[in-house]
Structures are given as C-alpha cells and as structure tokens.
Amino acid sequence: MRRKLVVGNWKMNGTRTENASLLSEVLRACEAVTALPADIAVCAPAPYLAQCQQLLAASPVAWGAQDVSAHASGAYTGEVSAAMLSDFACRYVIVGHSERRAYHGESNELVAQKVQHALGAGLTPIVCVGETLAQFEAGQAQAVIGAQLEVVLQAALEAGRRLGGLAALVLAYEPVWAIGTGKTATPQIAQDVHAFLRGKLAERDTLAADKVQILYGGSVKPDNARELFAMPDIDGALVGGAALKAADFMAIVGAAG
Ligand code: 13P
C-alpha cells in the first residue's frame, strides 16, 4: 500500500512573515493529531528554504524547491544547483512544472537533465507531466504525457540503480487546463492518466511501478480531494493555491485519511 503524499507548491508567493505564520499553523494542525494520514511537504521559493529548514526540522513536514539547475556548478548566473538544495536539507524538488515548460521553454530533455542532477544529490524529484487544453481536446493527452515521461525514465535509469532508479521518483500529473482555473480533471480522467503512467513505469520496472507515488495537481481543494484520493492510482496531490491557506492545505491532508 503506497502512503499518500500531499505537497504544497507555493509558487512565487509568500514573505518571511507570511511563511512563518502559515507554517506555524500547519505545525499546530500536525501536532493536534496522533498520526498524519499522509506525508506532507512544502516546496518554497529558493530564498525561503533556509527558513523552512529552520522552522520544519524535527517536524513531520518535509520541504523542497520548485526547480533545480540542469548543471552541477559554474557560470550559470541565477541558477540554483541540486547540491545547494541538499545543503538546505531539501527532500524534494519539483521538476518540469508546466509553468517552467511554458514560460521558460523547458524541453523534455532539459527536464530529464534536471532529474539526473536531483537524483545525484539525493533529492526526490517530483516530475510534472501534463497536457494543454488543446492537446486534451485533440485526444493527444497520452501521447504528450508519454513523451514527457519517456525521456525522464531513461534519465532516471541512466542515473543508475545506485540512486534508486525509477523508484526514487515521484510523478505528478498536472493537466495544464486544470491549474489555477478552478477546473479539476474528474477523478476518472485523472485515474486513467495515472494508470497509464504507472503502466509506463511497469514496462521498465514492476517493483518501482508499485512503489512510485503519482500525485494529481490542478485545482485540488478540500472539497474535491477525497474523491480524487479514492482512486487506486492517485497517491496524493500537488497543491498550488490551496496550499497557501493552512486550513485548506491541512483539510486536503485530512482527506487522505
Ligand atoms: P493550483 O492548485 O493552484 O491549481 O495549482 C496546481 C499546481 O500547479 C501545483 O503545482
């Protein structure tokens, strides 16, 4: 049985003060229950990773980044390397988010390089895949997502079993048309894609396919989380807007129980 994982993607939001109050509310809610029904993490903007480390160390909430460089080190102004993220004890890093793909021209190949660096630094990449509305309407979702995943699986296998191979990944299906739009994929649409992704993993490694958590992302809210989590291949959520409100975020975590 895979444990559920709920990850907040704060995107480019927050201040030191707002983060402190959000996290203290999240921690209070965690302390109020004897056992959390899911693993929890927040992916913060890079400048706040030290704050996350300070406030969340010794808590059940893990933290991570929203992107990582495709290079190890050197003259790459503005970039943050996987080793730097490890330096702040990040467990996770989101890779290939649709906003990075759309606004920063990230190709499948670049995403795959980032995955390799993340794995090499001992981070768990949360690899995002998803189709646009036009692709969805043209019935191309599986072809697009399959192509996005293929390169990443190859890269993870090349990174080697020493680094956990495919089992070291977390996947996230985020249909672009559902992000920040209030439109969620129906649980069945999401389940079908998740089953497709797990099938792709299983073609390469059946044990890993059984282990890898596949998250759904796109307008996940307290009132739709439970029906999504009831699907056999939906192992949690990557939450944007609702992760900025502690009560909503924790209600989504609670829906995993
Ligand atoms: P929303 O939950 O705001 O739709 O964002 C989803 C997302 O992009 C998470 O990575």
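Both ligands and their constituent atoms are indexed starting at 1 by order of listing. No experiment lies behind these values; they were computed from the predicted model shown.
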Near ligand 1, which protein residues have a heavy atom under 4.0 Å away? N9, K11, H97, E174, A178, I179, G180, G218, S219, L238, G240, G241
Student check: side-chain heavy atoms of V212 and L171 closer than 4.5 Å: yes
Is any side-chain heavy atom of D233 closer than 4.5 Å to one of I214? no
Heavy-atom donor-acceptor pair, R91 side chain to G64 backbone, under 3.5 Å: no
Does a donor on one side chain sit under 3.5 Å from an acceptor on the other, for Q66 and H97? no
Do N108 and Q148 have a side chain donor and acceptor closer than 3.5 Å? no
Under a 4.0 Å N-O cut-off, is there an ion pair linking R28 with E25? no
